[in-house]
Number of protein chains: 2
Amino acid sequence: MEKSKDYGEILKNKKMRNTKHRKSVIEIIELNGQPITAEEIFLKLKGHNVTISLSTVYRVLEALTSNGLISKSSVTDDNKNLFEINSLEHKHHLFCVKCRKLFSVNGCPLEDYEKDLENKFGFEIEGHKLEMYGRCECCKRNDKNI
Amino acid sequence: MEKSKDYGEILKNKKMRNTKHRKSVIEIIELNGQPITAEEIFLKLKGHNVTISLSTVYRVLEALTSNGLISKSSVTDDNKNLFEINSLEHKHHLFCVKCRKLFSVNGCPLEDYEKDLENKFGFEIEGHKLEMYGRCECCKRNDKNI
DNA sequence: ATTCATGCAAACGGTTTGCACGCAT
DNA sequence: ATGCGTGCAAACCGTTTGCATGAAT
């Protein structure tokens, strides 16, 4: 079995204090694989018998975000923030309007398009946000059974 | 001077009750031209000597949103929702981070990309939001003179 | 006359913060 | 020894809701 990542090393590289809670939070986010809320992190940690307070979860998330280890997005319409590991790759999201899960998509189709617009408008594009929404495979299937 | 739009007619077409407050809110959003928060709407109305309570602003926004007259997004990271007029044309925007002007772009580069994603993830995409930001031609020029 | 919109204040829920204590350096 | 991380409870703030009143149909 593959040895799990050395989260302590990751923190050290960012000159952050290395604590059990910080390592646990990074690990949960990484294990989860898709964007996750603060409360879900809190509950999953509880499930793994890690005692942590919700406010610590928030403080850890803030620390990890401002050190660039994770990123925060607010795509959902219920005012809950979502956190995910900050991969170097540029990515976008697919939001399922039914189960409200957020799926990450690596890569970006917009490079050529942005170049065209820059030429056309004399605009210098620094970045963009792209959200797509719809129904995930799972929810499509369930709809048919109703 | 051009006559302002008949917001009463717009509400009537949606079979919505035609009230002064609803018309005012639509008008403010339309005048504003770029996405605006509930509180900003409230303050702008106050500035126009329209007395309305903040909760009514929220209720009007909910009514307008669910009738498809405006749309709601939560792109900012401060947990405030933004509202804008729902235009029929599919278009995107270039937002200048310096002068805060908004440039409309007709058309959309995402159709093929979305088909790919649908095949890849089994996701059924219903729509998307794309914002690009940067500097417009004018502001680029001014930067060089500093 | 009926139904729905509004104002007010209070509730709600996700997030932040003050304070005292504990742990990493 | 010091400064930063943590737990707890309370505060915060954008948003929602219950209730009584008022306006639109």
Side-chain angles (χ1 to χ4, degrees), chain A residues 6-28 35-46 49-67 69-83 100 102, chain B residues 6-28 35-46 49-67 69-83:
Chain A
D6 186 346
Y7 298 107
E9 195 64 25
I10 291 172
L11 291 168
K12 199 171 152 191
N13 289 340
K14 291 285 181 179
K15 303 194 196 315
M16 296 174 69
R17 252 182 158 92
N18 172 11
T19 73
K20 182 170 147 278
H21 285 157
R22 287 182 172 180
K23 287 186 286 186
S24 307
V25 170
I26 302 180
E27 187 171 15
I28 287 290
I36 185 174
T37 66
E39 199 191 6
E40 285 167 343
I41 292 168
F42 173 70
L43 293 174
K44 277 178 190 281
L45 285 172
K46 196 171 261 179
N49 293 316
V50 176
T51 53
I52 186 173
S53 78
L54 187 52
S55 57
T56 299
V57 172
Y58 279 108
R59 280 193 268 229
V60 169
L61 289 172
E62 152 61 22
L64 296 177
T65 302
S66 66
N67 282 281
L69 291 175
I70 61 175
S71 64
K72 169 179 168 179
S73 61
S74 50
V75 174
T76 62
D77 63 358
D78 56 0
N79 298 319
K80 288 187 195 178
N81 291 312
L82 290 164
F83 298 86
R100 318 199 71 73
L102 192 66
Chain B
D6 187 345
Y7 299 107
E9 196 64 27
I10 291 172
L11 291 168
K12 201 171 151 193
N13 289 341
K14 291 285 181 178
K15 304 195 196 318
M16 295 174 69
R17 254 181 158 94
N18 172 11
T19 74
K20 183 171 146 279
H21 285 157
R22 287 182 173 180
K23 287 187 286 186
S24 307
V25 169
I26 302 180
E27 187 171 14
I28 288 291
I36 186 173
T37 66
E39 197 190 7
E40 285 168 343
I41 292 168
F42 173 70
L43 293 174
K44 277 179 190 280
L45 285 172
K46 195 171 261 179
N49 293 317
V50 176
T51 54
I52 187 174
S53 77
L54 188 53
S55 59
T56 299
V57 172
Y58 279 108
R59 280 194 267 230
V60 169
L61 289 172
E62 152 62 22
L64 296 177
T65 302
S66 66
N67 282 281
L69 291 174
I70 62 175
S71 64
K72 169 178 170 178
S73 63
S74 49
V75 175
T76 63
D77 62 358
D78 57 359
N79 297 320
K80 290 186 194 178
N81 292 312
L82 290 163
F83 299 85

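Throughout, a chain's letter reflects where its sequence line sits, starting with A, and its residues are numbered from 1.
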Enquirer: Calculate the interatomic distance between B:K20 atom NZ and C:dG7 atom C1'; express it in whole Å.
Expert: 13 Å

Enquirer: Working to the nearest 0.5 Å, report the span between CD1 of B:I41 and CD1 of B:I52.
Expert: 9.0 Å

Enquirer: Please state how far atom CD1 in A:I52 lies from atom P in D:dG5, giving the value in whole angstrom units.
Expert: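 It is 13 Å, rounded to the nearest whole Å.
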
Enquirer: Can you tell me if B:N81 touches the phosphate of D:dT15, counting only side-chain N or O atoms and a distance under 4.0 Å to OP1 or OP2?
Expert: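 Checking D:dT15 against B:N81, a side-chain N or O does come within under 4.0 Å of OP1 or OP2.
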
Enquirer: Between P on D:dA23 and CG on B:L11, what's the gap in Å once rounded to a whole number?
Expert: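 That distance rounds to 18 Å.
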
Enquirer: A:E39 has an atom CD; how far is it from atom P of C:dC12, in whole Å?
Expert: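 To the nearest whole Å, that distance equals 16 Å.
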
Enquirer: Assign each of B:L54 and A:V57 to its nearest nucleotide of DNA chain D by heavy atoms, then name whichever residue's nucleotide is nearer the 5' end.
Expert: A:V57

Enquirer: When you check the phosphate oxygens OP1 and OP2 of C:dA24, does a side-chain N or O of A:T19 lie under 4.0 Å from one of them?
Expert: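 So the side chain of A:T19 is outside the cut-off, no N or O lying under 4.0 Å from OP1 or OP2 of C:dA24.
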
Enquirer: Side-chain contact, heavy-atom cut-off 4.5 Å: A:L11 with A:T19?
Expert: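 A:L11 vs A:T19: side chains apart.
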
Enquirer: Taking only the side-chain heavy atoms of A:K80 (C-beta and beyond), determine which of C:dG14, C:dC19, D:dT15 contains the nearest atom.
Expert: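 The answer is C:dG14.
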
Enquirer: Check for a donor-acceptor pair, side chain of B:R22 on one end and backbone N or O of B:R17 on the other, with a separation under 3.5 Å.
Expert: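 Yes; at least one donor-acceptor contact below 3.5 Å.
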
Enquirer: So what does B:R22 touch, heavy atoms closer than 4.0 Å: a base, only the sugar-phosphate, or nothing?
Expert: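 Sugar-phosphate, no base atom in range.
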
Enquirer: Return the nearest nucleotide to the side chain of A:R59; candidates are D:dT6, C:dA5, D:dT25.
Expert: D:dT6

Enquirer: Judged by each residue's nearest nucleotide on DNA chain D, which is more toward the 5′ side, A:M16 or B:M16?
Expert: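 In this pair, the answer is A:M16.
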
Enquirer: Starting from P on D:dT15, measure out to NZ on B:K72 and report it in whole angstrom.
Expert: 8 Å

Enquirer: CG of B:N79 versus C1' of D:dT16: gap in Å, rounded?
Expert: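 Rounded to whole Å, this separation is 16 Å.
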
Enquirer: Contact class for A:T37 (heavy atom, under 4.0 Å): base, sugar-phosphate, or nothing?
Expert: nothing

Enquirer: Can you identify which nucleotide, out of C:dA24, D:dG14, C:dG7, has its nearest atom closest to the B:Y58 side chain?
Expert: D:dG14

Enquirer: Hey, does the side chain of B:H21 come within less than 4.0 Å of D:dA23's phosphate (OP1/OP2), counting only N and O?
Expert: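 No, B:H21 has no side-chain N/O under 4.0 Å of OP1/OP2 on D:dA23.
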
Enquirer: Ignoring the backbone of A:V60, work out which of D:dT15, C:dG7, D:dT6 is nearest its side chain.
Expert: D:dT6

Enquirer: Check whether the side chain of A:R17 and the base of C:dA24 form a donor-acceptor pair under 3.5 Å.
Expert: yes

Enquirer: Answer yes or no: does a side-chain N or O of A:T56 lie under 4.0 Å from OP1 or OP2 of D:dG7?
Expert: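 Yes.
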
Enquirer: Given atom NZ of A:K23 and atom C1' of D:dT6, what is their separation to the nearest angstrom?
Expert: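 One finds 16 Å between C1' of D:dT6 and NZ of A:K23, rounded.
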
Enquirer: Could you tell me whether the side chain of A:E9 and the main chain of A:D6 form a donor-acceptor pair under 3.5 Å?
Expert: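 No; judged by distance alone, with no hydrogens or angles, the pair does not exist.
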
Enquirer: How many angstroms lie between CG in B:L64 and CD1 in B:I10, if you round to the nearest 0.5 Å?
Expert: 10.0 Å

Enquirer: Report yes or no: does B:H21 contribute a side-chain atom to a donor-acceptor pair with the main-chain N or O of B:S53 at less than 3.5 Å?
Expert: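 No, B:H21 side chain to B:S53 backbone: no donor-acceptor pair under 3.5 Å.
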
Enquirer: For the side chain of A:N18, counting heavy atoms from C-beta on, which of D:dT16, C:dT25, D:dC8 is nearest?
Expert: C:dT25

Enquirer: Would you kindly give the CZ-to-P distance between B:F42 and D:dG14, to the nearest whole Å?
Expert: 12 Å

Enquirer: Base, sugar-phosphate, or nothing: which does B:S55 touch, judged by heavy atoms less than 4.0 Å apart?
Expert: base

